[in-house]
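A note on names: the letters A, B, ... follow the listed sequences, proteins ahead of strands, and every chain is numbered from 1.
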Protein chains: 4
Amino acid sequence: MPTRARHGREKEERRQSILQAAREVFFENGFYRATVDDVAGRAKVSKGTVYLYFESKETILALLLLEGLNELVENLEDAYAAAKTLSADERLRRLSRAYLSFFEEKPDYFRLLTATDRGRFQDSVEPSVYQEVLSASLKGLDWVGMAIQQGIDEGLFHCCDVRPAASILWATLNGVLDLMKHPLRREMVGLELEPLYQAALETVLQGLQSRE
Amino acid sequence: MPTRARHGREKEERRQSILQAAREVFFENGFYRATVDDVAGRAKVSKGTVYLYFESKETILALLLLEGLNELVENLEDAYAAAKTLSADERLRRLSRAYLSFFEEKPDYFRLLTATDRGRFQDSVEPSVYQEVLSASLKGLDWVGMAIQQGIDEGLFHCCDVRPAASILWATLNGVLDLMKHPLRREMVGLELEPLYQAALETVLQGLQSRE
Amino acid sequence: MPTRARHGREKEERRQSILQAAREVFFENGFYRATVDDVAGRAKVSKGTVYLYFESKETILALLLLEGLNELVENLEDAYAAAKTLSADERLRRLSRAYLSFFEEKPDYFRLLTATDRGRFQDSVEPSVYQEVLSASLKGLDWVGMAIQQGIDEGLFHCCDVRPAASILWATLNGVLDLMKHPLRREMVGLELEPLYQAALETVLQGLQSRE
Amino acid sequence: MPTRARHGREKEERRQSILQAAREVFFENGFYRATVDDVAGRAKVSKGTVYLYFESKETILALLLLEGLNELVENLEDAYAAAKTLSADERLRRLSRAYLSFFEEKPDYFRLLTATDRGRFQDSVEPSVYQEVLSASLKGLDWVGMAIQQGIDEGLFHCCDVRPAASILWATLNGVLDLMKHPLRREMVGLELEPLYQAALETVLQGLQSRE
DNA sequence: GATGAATGAGCGTTCATTCAT
DNA sequence: GATGAATGAACGCTCATTCAT
């Protein structure tokens, strides 16, 4: 059934083009300033068509967030797997680099994830979806945790508990990205993102290795 | 001119009561869900009066953010000054504690600062105001930087540059607070804020002391 | 031409199944709340197919109304014919009972007939169709009129004109049904439909018999 | 405080002019076809202003219905009171005439009351309001009932129960008005409203007087 | 200075109808 | 003939802002 297959593909393409349009206008104007009209206009479809593919504006946001987060998680997974034979600290460097790459390639997801007023989102979307977004946003912690556990097993780290250690590292990376995500703020700090990010990683690694 | 003075005082009081009302409704409902009607109602003035004292809803937000940030900066300043005779690492512990206190006492400012969709804010407010907010949000960096400089001078830290070191520490503290600010997320991580915050601080301090 | 014939039959079946679906959803949700999507879904055809068989949503309503009215008229006709040998007042009792049966078996037609906002209907449907609905809704009058004429001829009624007499009886029956069609209203009136309906009929019959 | 008083009066006038506009457009187009924009345009105010005075479109309808019904009830009350010294049948004639006058002077209320799809109305309006409308629409029954009770006491009517008798009379009057409210139907029936209405009244009065 | 009535553009969403396949 | 994706006008409603009093 080639026609059916074609139809399916075209539908999926249309869906994707609406999602892409939403990504663009949400990023450009922020979720609240962006209107469904904007999204429709950008995707060159009518407003009604948007609602043919998606339940609501909030649903679109949720999908974008999940898409972004899932991509990040995949990147982390790959980085972790690719560094299978390496030492714990090297695996953590790979994980961190994967996170940085994601940030640099999809900066919009970051803005969306961090800058969207949660209040409205939280109660416009099904609780399960909200939970899913929240939990996906913490997946990174798990991979970092596994690498740190390896480091503890290998005797590299002397801290006694994995979860706090992983949280500290993850929070630090997030903190640096958040601090540097805004051009104006980058300018005010007077540093480049990449070297600072690397330095932060090494500092925390050092700190975790020192016996206290 | 006692009348003029009284007028001035009354005007200022009215202004403050509107700001207070705005604080409450913005915190309760989030900036976008809160309406100017809500603010006026809470302040027991008419909607027109709100616009007599403030240019726009966004201006009010900017003022609240600045207020919060200034209070934080004062706390940091005090903590820094009070620890005048202490060693650099101890001064940094005092600064960190001051930040944590602020977060715990005014958690709403945090939400407002981090969770407000920037798009609308940025271009509804005069650029100078936006700059001011941004720069105030980086004041913490300066105080941390001064303590770290002291640490370098004292030979405590072996890193060569103050600004990156300060940024790393500040970003870490921010990252931890951000990670733990949401109850649901706190639950998912399974840790308490305070011990994690302390551990993060000590880890970074250790990392900055190690020679690389 | 068996193929043609089969096609014709299939077409008619499809048409009927759409009408049946429309009956169901119009009755369940009311005409305005029901959507063409609902009708198509219930009939398990596509929305486009509905428009292949019917000009518009209103046309479907008109057809349903006519169907209902025709059924009523047939019932009245049968009741009239079956009471061929009876006296005029008995024939009127049979006609009335037939009307009541129709109301009790198809209460939804009543709702549709009386509760549908006429505005849209009247000018969404061809004038001839509207006329047809209106005239069908008056067919009952004709049969009642014939029985009353018989009564006049037999010397039972002393009123001089058939049409007013028939109108009065018909209006009374309608009025009672309308008054009692809503459960909440039935409860408020505190009476049962059937005895009230009978009493109303007898009262009017008495009234028509009295010499004034 | 003349200003306050003037303000109040002006506000009330504005309110009334919106109600009047709603009456017009609801009557012209039916409730569902009429849009809030239409109402606003007719009242020469903005759409927002409509919502300043009324909660919702349905609320406006409810108010119009109640207004109409209350006016009717007042008319009936007056007619009943004015006929204090008359015999029961004469009082019923006065009540009926009052009802007819109301119908002729405010035909729109009738259309609105009988032709509005209840489904949507019923669940767009608070249950208490719906109850109120329903109960007001039955107030006429009470006055008719009182006059009939008087007729029973005076020995005029021989029926044993007031409520059915009142319901029959009221239903008949309603049935006639409903039958004749539409010009096209009036034409088809070939009678004038007023004589038919009178004849119906007399017929039922006769019927109620006859011993069965 | 203070009011609050008025505005009107804009919102997210719906749905009868059309039309390319 | 049948489909169902696409349309787009219209809907009821909101709310930051203005301005006559």
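- Ion pairing between Arg42(D) and Glu28(D) holds under the 4.0 Å rule for side-chain N and carboxylate O.
- Between Ala34(A) and Val25(A), the shortest heavy-atom distance links the atoms CB-O, 3.7 Å.
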Can you check nucleotides 5-7 of chain E for protein contacts, nitrogen or oxygen pairs under 3.5 Å, and list what you find?
from	atom 1	to	atom 2	distance (Å)
dA6(E)	OP1	Arg14(D)	NE	2.7
dA6(E)	OP1	Arg14(D)	NH2	2.6
dA6(E)	OP2	Tyr53(D)	OH	2.4
dT7(E)	OP2	Ser46(D)	N	2.9
dT7(E)	OP2	Ser46(D)	OG	3.3
dT7(E)	OP2	Thr49(D)	OG1	2.5

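- The nearest pair of heavy atoms linking Val129(A) to Ala62(A) is CG1-CB, 3.5 Å.
- Each of dA16(F), dT17(E), dC13(F) was ranked by its minimum atom distance to the side chain of Tyr51(D); first place goes to dC13(F).
- Shortest non-hydrogen contact noted between Lys57(D) and Phe31(D) is NZ-O, 2.9 Å.
- With the nearest nucleotide of DNA chain E identified for both Asp37(A) and Lys57(C), Asp37(A) has the one nearer the 5' end.
- For Arg33(C) and dT14(E), the CZ to P distance is 13 Å, given to the nearest whole Å.
- Phe31(B) has its CZ atom 13 Å from the C1' atom of dC15(F), to the nearest Å.
- Within 4.0 Å (heavy atoms only), Ala40(D) reaches no atom of the nucleic acid at all.
- Residues meeting the salt bridge (Lys or Arg N to Asp or Glu O under 4.0 Å) test with Asp37(D), sequence neighbours left out: Lys47(D).
- Between His182(A) and Tyr130(B), the two ring planes are tilted [angle within 30° to 60°].
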Query raised in the report: Could you write out DNA chain E as a dot-bracket string, with dots for unpaired bases, | for bases paired across to another strand, and Watson-Crick or G-U pairs counted at under 3.5 Å?
Result: .||||||||||||||||||||
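- At whole-Å resolution of the value, OH in Tyr32(A) and C1' in dG12(E) are 13 Å apart.
- Straight-line distance from the CZ atom of Phe54(B) to the C1' atom of dT17(F): 16 Å, rounded to whole Å.
- Rounded to an integer number of Å, the gap from Glu58(B) CD to dT17(F) C1' is 12 Å.
- Side chains of Gln20(A) and Gln16(A): a donor-acceptor N/O pair is absent below 3.5 angstrom, by distance only.
- When side chains are defined from C-beta on, Tyr53(B) does not count as touching Leu19(B), because their heavy atoms never get closer than 4.5 Å.
- Judged by closest nucleotide on DNA chain F, Asp38(D) is the one of Asp38(D) and Val36(B) placed further toward the 5' end.
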Requested in this report: Decide yes or no on ring pair (Phe, Tyr, Trp, His ring centres under 6.0 Å) for Tyr109(A) and Phe27(A), but give the supporting numbers first.
Outcome: CA-CA 8 Å; Tyr109(A) 285 122; Phe27(A) 179 48; 9.4 Å; no
